[in-house]
Amino acid sequence: MKKILIAVDNDSTLEKIALNGFQLASQLNAEIALLSVVDLTMLITEGAVTPKEFADITINDYKKNQQMLIDTVFKDYKVWTFVEKGIPHEVILKVAQEWDADLIVLGTHGRTGISHLIMGSVAEKIVRHSEIPVFIIPSKS
């Protein structure tokens, strides 16, 4: 394993996911890429903010969080960064293929019931469709 793609979003588990991915990558002396995906299908706005403006705000938030992870978790380790728009599982699989990743690391929100039915599971879709190994970090401690 020479290239590890770590997919993170802006939830409370991003540091846990990044740290687990970093520990694995450093043990394997692998390259790391951080990927965040702005899910355009979930953009619902009210008032004066347009979906495009909201997407731009979200992209900036992802970039700030990625930089925070680089500063606090990865420090001097070289990290590639990607912030893409689209359907998360599709974008993660596409970037993994284009970047030639050997492993995808991501978290799971652990949704069940109606929220799982409505939102689906990005992790589940990636596991089903990935051609490379997937390392899942549970969000529950």
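Computed from a predicted structure; not experimentally measured. Heavy-atom basis, side chains included; hydrogens, waters and symmetry copies ignored.
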Checklist entry - Leu19, Leu14: one ILVMFWY side-chain cluster at the under-4.5 Å cut-off? => result yes
Checklist entry - Counting only N and O atoms by type, is there a donor-acceptor contact under 3.5 Å from the side chain of Asp102 to the main-chain atoms of Lys2? => result yes
Checklist entry - Does the Lys16 side chain pair with the main chain of Pro138, one donor and one acceptor, at a distance under 3.5 Å? => result yes
Checklist entry - In terms of heavy-atom contacts, does CG of Asp71 have more than 12 from other residues, nucleotides or ligands at under 6.0 Å? => result yes
Checklist entry - Shared ILVMFWY cluster between Met1 and Tyr77, side chains joined below 4.5 angstrom? => result yes
Next on the checklist: For Asn10, give me all partners under side-chain contact (heavy atoms from CB on, under 4.5 Å), at least two apart in sequence or on another chain.
Outcome noted: Asp61, Tyr62, Asn65
Next on the checklist: Test your reading of the model: is there a side-chain donor-acceptor pair from Glu84 to the backbone of Ile92, 3.5 Å cut-off?
Outcome noted: no
Checklist entry - How close do Lys85 and Val91 get, heavy atom to heavy atom, and via which atoms? => result O-CG2, 3.7 Å
Next on the checklist: Atom NZ of residue position Lys75 - does it have more than 12 heavy atoms of other residues, nucleotides or ligands inside 6.0 Å?
Outcome noted: no
Checklist entry - Hey, does Arg128 have a side-chain heavy atom less than 4.5 Å from the side chain of Glu124? => result yes
Checklist entry - When clusters are formed by joining ILVMFWY residues with side-chain heavy atoms under 4.5 Å apart, either directly or through shared neighbours, do Val73 and Leu103 land in the same one? => result yes
Checklist entry - Is there side-chain contact between Leu69 and Glu15, with at least one heavy-atom pair below 4.5 Å? => result yes
Item to check | Single hit among Val95, Leu93, Ile4, Ile6 for side chain to side chain contact (heavy atoms under 4.5 Å, CB included) with Ile104 | outcome: Leu93
Checklist entry - Is there a donor-acceptor contact under 3.5 Å from the side chain of Lys3 to the main chain of Trp99? => result yes
Checklist entry - More than 12 non-hydrogen atoms from neighbouring residues, nucleotides or ligands closer than 6.0 Å to CD on Gln23, yes or no? => result yes
Checklist entry - What closest approach, in Å, do Pro88 and Val122 show between heavy atoms, and which atom pair accounts for it? => result CB-CG2, 3.9 Å
Item to check | Closest heavy-atom pair and its distance - Gly86, Val37 | outcome: O-CG1, 3.6 Å
Checklist entry - Is Val105 linked to Leu34 within one hydrophobic cluster, defined over Ile, Leu, Val, Met, Phe, Trp and Tyr using a side-chain heavy-atom separation of less than 4.5 Å? => result yes
Checklist outcome for this item: Minimal heavy-atom distance between Ala33 and Phe82, with the atoms involved, is CB-CE1, 3.6 Å
Checklist entry - Hey, any chance Val134 and Leu24 share a hydrophobic cluster, counting ILVMFWY side chains that come within less than 4.5 Å of each other, even indirectly? => result no
Item to check | Flag if over 12 foreign heavy atoms under 6.0 Å of CD, Gln67 | outcome: yes
Item to check | Distance (rounded to the nearest 0.5 Å) between Thr58 OG1 and Asp39 CG | outcome: 10.0 Å
Checklist entry - To the nearest 0.5 Å, what is the distance between NZ (Lys78) and CD1 (Ile70)? => result 9.5 Å
Item to check | Nearest non-hydrogen partners of Gln66 and Leu35, listed with the distance | outcome: NE2-C, 3.8 Å
Checklist entry - Between Thr13 and Ile137, is any pair of side-chain heavy atoms under 4.5 Å apart? => result no
Checklist entry - How many angstroms lie between atom CD1 of Ile136 and atom CD1 of Ile17, to the nearest 0.5 angstrom? => result 9.0 Å
Item to check | For the student: nearest non-hydrogen atoms of Ile132 and Ala101, plus distance | outcome: CD1-O, 3.4 Å
